[in-house]
Amino acid sequence: MSVKFDQRYLEMAAVWAKNSYCKRRQVGALIVKDKMIISDGYNGTPSGFENVCEDESGATKPYVLHAEANAITKVAKSGNSSEGATLYVTASPCMECSKLIIQSGIKRVVYRDEYRLTDGIDLLRRAGIAVEKVD
């Protein structure tokens, strides 16, 4: 995939992140396979929960799903396969999401913003997944 396409898909993920009702950080993700978007996600609470991500003190509630987890579970529910796909995400994946990425068969991750911890990115590279930061 060309850098131009990577940038466009990241821009689309950034627009999708605006659907998040989280106040601290809005993150968007797209799963692309054969130049086709097969899933999308943004951070938020599970289906059927109130649309509030933070508690009274401003801390993120423990059951908030990350954008990557939402996109991966959505593609699983759809019956599509993410095997060999690329994940575009506005923030680099955390450790928990990286485990899901590995298990889902995604082969490439393109992200924009650095997360404060790099253990997720380190795990992806260790698993042989191509990881690229694109501004």
Side chain to side chain, [X] and [Y], heavy atoms closer than 4.5 Å:
{"X": "Leu100", "Y": "Glu68", "result": "no"}
{"X": "Leu30", "Y": "Ser39", "result": "no"}
{"X": "Leu117", "Y": "Met95", "result": "no"}
{"X": "Val32", "Y": "Phe5", "result": "no"}
{"X": "Asn80", "Y": "Lys33", "result": "no"}
{"X": "Ile101", "Y": "Ile72", "result": "yes"}

Is a side-chain donor or acceptor of [X] paired with a backbone partner of [Y] at a separation under 3.5 angstrom?
{"X": "Asn43", "Y": "Arg25", "value": "yes"}
{"X": "Thr45", "Y": "Glu50", "value": "yes"}
{"X": "Ser82", "Y": "Ala85", "value": "no"}
{"X": "Asp34", "Y": "Met36", "value": "no"}
{"X": "Ser98", "Y": "Gly120", "value": "yes"}
{"X": "Glu54", "Y": "Arg24", "value": "yes"}

Handout entry: Over 12 foreign heavy atoms within 6.0 Å of NZ, Lys23
Key = no
Problem - Glu132 atom CD: more than 12 heavy-atom contacts under 6.0 Å - result: yes
Practice task
Give a yes or no on whether Tyr115 and Val110 share a hydrophobic cluster (residues Ile, Leu, Val, Met, Phe, Trp, Tyr; joining criterion: side-chain heavy atoms under 4.5 Å apart).
Solution key: no
Handout entry: Joint cluster assignment, Ile37 & Ile106, ILVMFWY side-chain distance < 4.5 Å
Key = no
Nearest heavy-atom neighbours spanning [X] and [Y]:
{"X": "Cys53", "Y": "Gly44", "value": "SG-CA, 4.0 Å"}
{"X": "Ala71", "Y": "Gly41", "value": "CB-N, 3.9 Å"}
{"X": "Val27", "Y": "Val89", "value": "CG1-CG2, 3.8 Å"}
{"X": "Thr90", "Y": "Ala13", "value": "CG2-C, 3.7 Å"}

Enter the distance from [X]:[atom1] to [Y]:[atom2] here, rounded to the nearest 0.5 Å.
{"X": "Lys107", "Y": "Leu124", "atom1": "NZ", "atom2": "CG", "answer": "11.0 Å"}
{"X": "Ile102", "Y": "Cys97", "atom1": "CD1", "atom2": "SG", "answer": "11.5 Å"}
{"X": "Met12", "Y": "Arg8", "atom1": "CE", "atom2": "CZ", "answer": "11.0 Å"}
{"X": "Phe49", "Y": "Leu65", "atom1": "CZ", "atom2": "CG", "answer": "9.0 Å"}
{"X": "Arg126", "Y": "Asp122", "atom1": "CZ", "atom2": "CG", "answer": "10.0 Å"}
{"X": "Arg108", "Y": "Asp6", "atom1": "CZ", "atom2": "CG", "answer": "4.0 Å"}

Handout entry: Candidate list Ile121, Leu123, Ile129, test side-chain contact (heavy atoms from CB on, under 4.5 Å), partner Arg125, passing option
Key = Ile121
Problem - Residue among Val134, Leu87, Val131 satisfying side-chain contact (heavy atoms from CB on, under 4.5 Å) with Tyr111 - result: Val131
Problem - Parallel, tilted or perpendicular, as decided by the 30° and 60° cut-offs, for the rings of Tyr21 and Tyr42 - result: perpendicular
Handout entry: Intermediate values then yes/no, side chain to side chain contact (heavy atoms under 4.5 Å, CB included), Lys35 and Tyr9
Key = CA-CA 10 Å; Lys35 290 189 177 177; Tyr9 283 126; 4.2 Å; yes
